[in-house]
Every structure is written in structure tokens, then in C-alpha cells.
Amino acid sequence: MNSIHISSNSTVFHSLTHHRWLSSPHKLYPQVIKINGRKPLTTSCLNIDVKAPDSSRKVTAQNSKGVMELEGKVMVGTYGREPVVLVSGKGCKLYDVEGREYLDMTSGIAVNALGHCDPDWVKAVVDQAHVLTHVSNVYYSVPQVELAKHLVDCSFADRVFFTNSGTEANEAAIKFARKFQRHSNPDVKDPATEFISFTNSFHGRTMGALALTSKEQYRSPFEPVMPGVTFVEYGNIKATQESIRHGKTAAVFVEPIQGEGGIHSATKEFLEFLRTACDDAGALLVFDEVQCGLGRTGYLWAHEAYGIFPDIMTLAKPLAGGLPIGATLVTERVASSINYGDHGSTFAGGSLVCNAALTVLEKISKPEFLASVSKKGLYFKEILQQKLGGNSHVKEIRGLGLIIGIELDVPASPLIYACRNSGLLVLTAGKGNVVRLVPPLTVTEQELRLAADILQNAMPVLDENNSE
């Protein structure tokens, strides 16, 4: 097919408008037009033969190198990916393009709580996809309401707001906290708008949640971020007490167990203090359980281990078992300050993702399931201590349930690479010196022992790397 090169000159363009179609006695064919030499555009057409889709758009590379090279050409370079191209998974196993098998201790960063391709989860997704996927929040939908009811029934909360991710859930919590202060203090000209967050915290990468995230390298390229955030040492009661101010502090954001920050657990004393201090100052207490919630600790909610309850809790990662969802759970006291139009989302709470989440929540919330997570978590920590505890590079093995961190005195990257080469996928955390283990909650004790064996066999790489 011939093409006509058209410049942006309007006179030239106008003179060619009557040449938009090439005709034959029976058919009209669209003409390919280039504007300023850019990609070809095809005009609309009537009664034409439809060609097969352009197969060049598909990723045809059959090896990892080809896929990685193509990714480097078409993706924005925001991810420093591991050199592995994964194509399928089942349970706690993943497989790459070449067919190599990996034991997954990452769960897609604590997302795939039921493992890969859980049969009940797959059925929930497929069944709902055949019925209704998305209608927006202009209308009611049954799976959304059922999921909200289930979350309310099994938590401290009275109401739920759905989002698409953890960072969005925290953005909603920020807005709700400020609206709560304005609603609760109608006669105050400048109600509380500030927030307290903590060292080693991670709350997301959108501008509000990013402002609550302590890692400076995440914030600095995008400053100025949302003002009014004070960072305090995690667990430091005295410093926090001095920072929370009546009429200034709208809310305190805290992770009961920090994931990205290095698997640090709060003490009961610290969370009890935060609850009391927030009440005294008229501030809200927000628990970010995006990573540590939904069964990860052996409790449905991480804060249940402490017996301390928040005003707002944010969730995301494992809730829909791999589909994008987030949720902001609130008490009635907070919800009463929110009106129609105060917040919203087009995609959040869609029928497909909510039906998947219902299946995940129903399975995880069973007492016997949570008991198995606790049991496996204790077993895993015990064998890790046996196999790694005596290594000179291991400073501490910590965590609760199946969120476990191995703190090293050297960078963890060489160990991560060695494990990957031996068929084990693990993550880093903290300042890059913590091995983060967040396997699917369905992992078996046999798989946990295998992971510990691979870690033990890979440890000498730390000595080799340290001596260079």
C-alpha cells in the first residue's frame, strides 16, 4: 500500500483531504498517512477486509535474554529487575522461560498469599469474569458489598473504602484524617493537618504516601512532597510523645511490623502508648497493614497480636491474591465525617477483583488456616536459627508468622544472587542488609526446610564477596 507523507502545514493537509480513500469498483481501502514522519495512522473505514492482528506486537522472544532486551527498549526504566523471566507458577513454585524451577519465598512481595494459581482463586476469577467484571462506583455491585461486609465482620472497622493499591489506601487515610479533623472541629479556623510517621517506614510512592515514607532516596527526586510530616524514631516513646501535638497532629501512621524497612516489630508498650497519645491529642491512629496484615503474622490482622486497635487500617497486597486491590477500613466515628464526593475511584472495588478477594479472605480467615501459619512460622524461624544462627554474618533472625527477616552485617545482594542461582527466590529489605522471607501462606514445612538448606549452602558467598 502506498503512503502519503503529510507535514503539519495546514494548507498541505487541507489539499490532501479528498485523497483519504483509495477505491476499487467494489471496496474502499484506508490510506496510511504519516504526519511529520511519525508512526502511520489509519483512517476509519467502511466495508473493508479485516486483516489479522499485527503479530509483531507480541513478545515472541523464546529466551530470557530476548525478553529482557525488549523490555529495555519499551519500558520506562523504573525497576532494577532480577534477570529472571517468569512465565508460570503453581503453589510455591515458579518457572522461567527456559523451564527452570524456583522455590518462591517472595509471593510477589507478600501478595500471593494462597500461592500461584490456587484452584479456588482461579475458579472465583473465571466464574466472575463470565458474569460481570466492572461497572464503576456509579452503581452497586454484589461482590463489592459482600467483601466489605466480610471485612467489617472480621475486624474492628465499621465501614470500608476500596482502592486499587496500598499507596492509594494510604492516600485515602490521609484525606479521611484531615476531613475528620475539619468535621470534628467546625469552629476551629485551622484544624489539625499534620502527620507523624516513623524511621524505616514505607507507606507508598504516590505524593501523599511518599511524604510519609522515611527513605530519603524515595522522596528527594520528587520534592516538595506533602508538607507537615514529622519522622520519629520507630519505637521511641519519649520522642513520639514530644511530637504529637493537640490541634496540630491529624493522625499517626505506623506499621505494626515494618516490611520494607527491615522486618521490625513494634512493642506492645509502643502501640499502647500511641493509642493513648492519639486519644489525648484528638488525633487518629492509622495502622498500615498493607504487608503485615491478612494472616501474614498468623493473626488475621497484625495488631491483634498486641490487642491494640486503630481508627483506620490500610490493606492491599494479599487481599485479592494477585489482582490489584486496596482497602481503607475505618470506624463509624471516622466514616461519619466523609460525604458524597469527598473521595472516589473508577476502578476500585470492581466485581472481578472483589470476588477474588472474597475467596482469599474466606480461606485465610479460618482459624485452622491462621494456626497453620503460626506453626509454620515458628518452624521456619527454628530451622533458620539452627542452620544460619551460628554464621558470623548473621546479626539477627526476627519476625512473626511468615514475615521473617535475616539481618546481616554485610549487603545481602550476593546472597540473594546465589540463592536465585540455586533455585530460591528471596527479597531484601531495610538498608539492603536484610533478607526478607515472605512465602505464600500455603507453603509446606518441606518447602521451608528446602529454603533454609539453600540459604545455608549459599552463605559462603558472603565471605567470598567480603574478602574482595
Side-chain angles (χ1 to χ4, degrees), residues 86 88-95 100-121 257 259 263 265 291-302 304-305 317-318 321-322 359-391 394 396-407 412 415-416 418-429 434-459:
L86 300 170
S88 65
K90 186 66 178 176
C92 294
K93 302 292 177 60
L94 285 166
Y95 302 88
R100 286 184 289 260
E101 182 181 277
Y102 300 88
L103 179 57
D104 182 16
M105 292 288 120
T106 73
S107 305
I109 315 183
V111 168
N112 302 104
L114 300 181
H116 303 281
C117 298
D118 174 79
D120 295 326
W121 181 88
I257 299 178
I263 321 299
S265 299
Q291 185 163 167
C292 64
L294 283 161
R296 177 58 57 184
T297 61
Y299 295 85
L300 185 56
W301 315 118
E304 290 180 325
K317 288 182 180 294
T359 296
V360 173
L361 186 57
E362 286 169 359
K363 296 187 79 166
I364 287 179
S365 60
K366 291 179 179 178
E368 59 271 25
F369 186 97
L370 293 169
S372 75
V373 174
S374 293
K375 180 173 179 288
K376 288 182 288 192
L378 290 171
Y379 172 78
F380 199 20
K381 283 181 70 176
E382 180 182 331
I383 59 172
L384 287 171
Q385 194 65 50
Q386 290 174 2
K387 293 177 180 293
L388 308 181
N391 189 285
V394 175
E396 185 181 12
I397 298 172
R398 56 179 179 256
L400 182 64
L402 289 173
I403 178 169
I404 295 174
I406 304 169
E407 184 176 353
L415 182 60
I416 303 300
C419 286
R420 185 189 69 231
N421 291 335
S422 298
L424 176 67
L425 300 180
V426 295
L427 300 166
T428 59
V434 176
V435 177
R436 179 174 21 166
L437 301 165
V438 282
L441 303 184
T442 53
V443 67
T444 65
E445 290 189 358
Q446 182 181 3
E447 289 168 328
L448 292 173
R449 178 170 286 276
L450 176 58
D453 286 341
I454 294 174
L455 279 162
Q456 181 183 32
N457 293 333
M459 289 298 287

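In what follows, residues are counted from 1 in the order of the sequence shown.
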When rounded to the nearest 0.5 Å, the distance separating CG of Leu402 from CG of Leu448 is 6.5 Å
Go through Leu94 and Leu103 one step at a time and tell me if the side-chain contact (heavy atoms from CB on, under 4.5 Å) criterion holds. CA-CA 7 Å; Leu94 285 166; Leu103 179 57; over 6 Å; no
Item to complete: Please examine the side chains of Leu441 and Ile364, heavy atoms only from C-beta on, and report whether any two atoms are closer than 4.5 Å.
Response: yes
Taken in chain and number order and not counting sequence neighbours, the residues that satisfy side chain to side chain donor-acceptor pair (under 3.5 Å) with Glu304 are none
Check: Ile257 main-chain N/O paired with Ser265 side-chain donor or acceptor under 3.5 Å
no
Taking the side chain as C-beta and beyond, is there a heavy-atom pair between Arg100 and Arg420 under 4.5 Å?
no
Practice prompt. Take Leu361 and Leu294 through the test side-chain contact (heavy atoms from CB on, under 4.5 Å) and record every step on the way to the result.
Written response: CA-CA 8 Å; Leu361 186 57; Leu294 283 161; 3.7 Å; yes
State, without any angle test, whether Thr359 and Glu362 hold a side-chain donor-acceptor pair at a distance under 3.5 Å.
no
Please list, one pair per line, the donor and acceptor atoms closer than 3.5 Å that link side chains of residues 110-121 to other protein atoms, with sequence neighbours excluded.
unit_1, atom_1, unit_2, atom_2, d
Asn112, ND2, Gly321, O, 3.4
His116, NE2, Asp104, OD2, 2.8
Asp118, OD1, Lys363, NZ, 3.1
Asp118, OD2, Asp120, N, 3.2
Asp118, OD2, Trp121, N, 3.0
Asp118, OD2, Lys363, NZ, 3.3
Asp120, OD2, Lys363, NZ, 2.9
Trp121, NE1, Ala320, O, 2.8

Rounded to the nearest 0.5 angstrom, the CZ-CD1 distance for Phe380 and Ile403 is 12.5 Å
Passes side-chain contact (heavy atoms from CB on, under 4.5 Å), Ile406 versus Leu455? Steps please. CA-CA 11 Å; Ile406 304 169; Leu455 279 162; 4.2 Å; yes
Across all chains, not counting sequence neighbours, the side-chain contact (heavy atoms from CB on, under 4.5 Å) partners of Gln385 are Ile397
d(Asn457 CG, Cys419 SG) to nearest 0.5 Å is 9.5 Å
Rounded to the nearest 0.5 angstrom, the CG-NZ distance for Leu300 and Lys366 is 13.5 Å
Would a 4.5 Å heavy-atom cut-off, applied to side chains only, mark Ile263 and Ile404 as touching? no
Leu427 and Val435: CA distance, side-chain angles, deciding distance, side-chain contact (heavy atoms from CB on, under 4.5 Å) verdict:
CA-CA 6 Å; Leu427 300 166; Val435 177; over 6 Å; no
request  = For Thr106 and Leu425, indicate whether the former's side chain and the latter's backbone hold a donor-acceptor pair under 3.5 Å.
outcome  = no
For Ala429 and Gly259 the tightest heavy-atom approach is CB-O, 3.6 Å
Looking only at heavy atoms, the pair that brings Pro440 and Ser107 closest together is N-OG, 2.7 Å
Next item on the list: Could you tell me whether Arg398 and Glu396 have a side-chain N and a carboxylate O separated by less than 4.0 Å?
Entry: yes
Taken in chain and number order and not counting sequence neighbours, the residues that satisfy side-chain contact (heavy atoms from CB on, under 4.5 Å) with Ser88 are Tyr95
Value for CD1 (Ile454) from CG (Leu424), rounded to nearest 0.5 Å, stands at 4.5 Å
For Lys387 and Gln456, the nearest pair of non-hydrogen atoms, with its separation, is O-NE2, 3.6 Å
Margin query: Would you say that Lys93 contacts Tyr102 through its side chain, given a criterion of any heavy-atom pair below 4.5 Å between the two side chains?
Written below: no
Applied to residues 373-384, the salt bridge (Lys or Arg N to Asp or Glu O under 4.0 Å) test, sequence neighbours excluded, yields Lys375-Glu445
Contacts satisfying side-chain hydrogen bond (donor to acceptor under 3.5 Å, both in side chains) that involve residues 291-301 (not counting sequence neighbours) are Gln291-Arg436
